[in-house]
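Okay, structure first, notes after.
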Amino acid sequence: MGDGNQKTGTIPSRRDPAVAAALAWAVPGAGHFYAGKRGKAALFFALISGTFFFGLLISGFKCVSYTQQPYWFIGQVFAGIASLATAFIDPARDSLEISEELDVGTLFTTVAGLLNLLVVLNAIAEARKPAQPAEPAGTGAGRGQKSGKADGK
Amino acid sequence: MTGLLYFLPISLVIALVLSALKKDSPRDILLHGLKVFLLLAAGTAAFSALLFVCARTQAMLFGFMGVILATLGFFTLKGAAEWVASLVRGEKPPEEKQQEED
């Protein structure tokens, strides 16, 4: 352990940013779960996965297609394993009937992918943050309110 | 016009995710998310109205898609550029720097 860490009272993070990035890409929110931000992880999973699957449902699972919509697929692929799995099945391989439902589904899935790209970058930053120093026993009450002041000193 | 019915949920999702990336407490996320949502709504309405005047075919839907994708593209590129710049310069990311200053 370096002297700098002892002076600042921080502990180097034991979380690997590459693992956080991979997890965050594979399953939205998993990177934050790995970095210890479980509340945010649940929020990201619900919002991004919900948006992606709603887009799939509304378009009849046809909006993710690297053969028919290759440019949209670049954005969709960031939504994780689900996008790759859907593209592998590729129900729109033979024909793609243009409709408003397809447009909206494509938009939803692409937005989910781009949002997950931001979440991946944030998960990397969270994993690189140094761990907080361990609190002495018996000081757990009111931690959320007092920690800000304690850090400021 | 039915496409516009999907504007509200997706704008709300975008606003909440962007706010959760910036804020920590649930109250701050909700308040900041509301501001981002209103900004998105205003931008979409303005852009859609402009398109609706110019070309009436599916103008509202295209306006909606344009604003949403432009907003997301901007934040994605901004986040990626900051991250890459910090790696290139060998510095810590902006968030980490701010935490150390605090």
Side-chain angles (χ1 to χ4, degrees), chain A residues 4 8 10 13 17 21 28-29 32 37 39-44 46-52 54-55 58 72 75 78 99-130 132 144-145 147-148 150-153, chain B residues 1-7 9-27 29-30 33 40 57-58 60-62 64-84 86-87 91-102:
Chain A
T8 56
T10 56
S13 175
H32 282 78
K37 302 271 182 179
K40 281 191 179 183
L43 182 70
F44 291 141
L47 290 175
I48 295 175
S49 299
T51 304
F52 185 80
F54 184 74
I58 205 167
W72 291 99
F78 292 111
S99 65
E100 195 169 276
E101 284 74 22
L102 182 74
D103 283 347
V104 174
T106 303
L107 178 70
F108 268 62
T109 47
T110 307
V111 164
L114 290 175
L115 282 175
N116 200 40
L117 178 58
L118 290 175
V119 171
V120 168
L121 293 172
N122 192 251
I124 293 171
E126 292 289 349
R128 290 176 71 186
K129 279 182 184 175
Q132 297 297 318
Q145 294 170 351
S147 61
D151 290 341
K153 292 175 185 176
Chain B
M1 285 298 285
T2 52
L4 278 180
L5 293 177
Y6 303 113
F7 161 73
I10 201 167
S11 296
L12 203 56
V13 166
I14 291 170
L16 284 176
V17 171
L18 291 180
S19 303
L21 290 173
K22 198 171 176 64
K23 304 286 181 182
D24 280 329
S25 77
R27 186 174 174 274
I29 290 173
L30 281 177
L40 272 176
T57 312
Q58 286 192 316
M60 305 291 267
L61 184 60
F62 282 126
F64 162 51
M65 290 171 74
V67 170
I68 297 291
L69 290 177
T71 306
L72 270 182
F74 171 75
F75 281 107
T76 305
L77 288 175
K78 185 168 172 275
E82 283 175 1
W83 183 66
V84 170
S86 70
L87 283 183
E91 294 174 354
K92 293 177 178 175
E95 292 173 3
E96 200 171 317
K97 270 188 196 170
Q98 192 177 358
Q99 192 192 27
E100 284 184 358
E101 285 171 10
D102 292 342

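To find a chain, count down the sequence lines: A is the first, B the second, and so on, and within it residues start at 1.
Contact of A:Leu43 with chain B is made through the side chain alone, with heavy-atom distances under 4.5 Å. B:Leu12 does not touch chain A: none of its heavy atoms, backbone or side chain, sits under 4.5 Å away. Heavy atoms closer than 4.5 Å to chain B are found in both the backbone and the side chain of A:Leu47. Interface remark: A:Leu114 contributes backbone and side-chain atoms alike to the contact with chain B (heavy atom separation under 4.5 Å). Looking at A:Val119, both its backbone and its side chain come within 4.5 Å of chain B, counting heavy atoms on both sides. Interface remark: B:Lys22 contributes no atoms to any contact with chain A (heavy atom separation under 4.5 Å).
With chain B as partner, the option from A:Leu117, A:Val111, A:Val120 having the largest number of non-hydrogen pairs under 4.5 angstrom is A:Val111.
Atom CZ of A:Phe52 is separated from atom CG of A:Leu115 by 12.5 Å, given to the nearest 0.5 angstrom. To the nearest 0.5 Å, the span separating CD1 on B:Ile10 from CG on A:Leu107 amounts to 4.5 Å. Of the inter-residue distances, the one linking A:Glu126 atom CD with A:Lys37 atom NZ reads 4.5 Å to the nearest 0.5 angstrom. With values rounded to the nearest 0.5 angstrom, B:Ile29 atom CD1 is found 8.0 Å from B:Leu16 atom CG.
Checked against ring-ring contact (aromatic ring centres under 6.0 Å, His included), A:Phe54 has the following partners two or more places apart in sequence or in another chain: A:Phe108.
Listed by first and then second residue, the side chain to side chain donor-acceptor pair (under 3.5 Å) pairs involving residues 107-117 of chain A are A:Gln76-A:Thr109 (not counting sequence neighbours).
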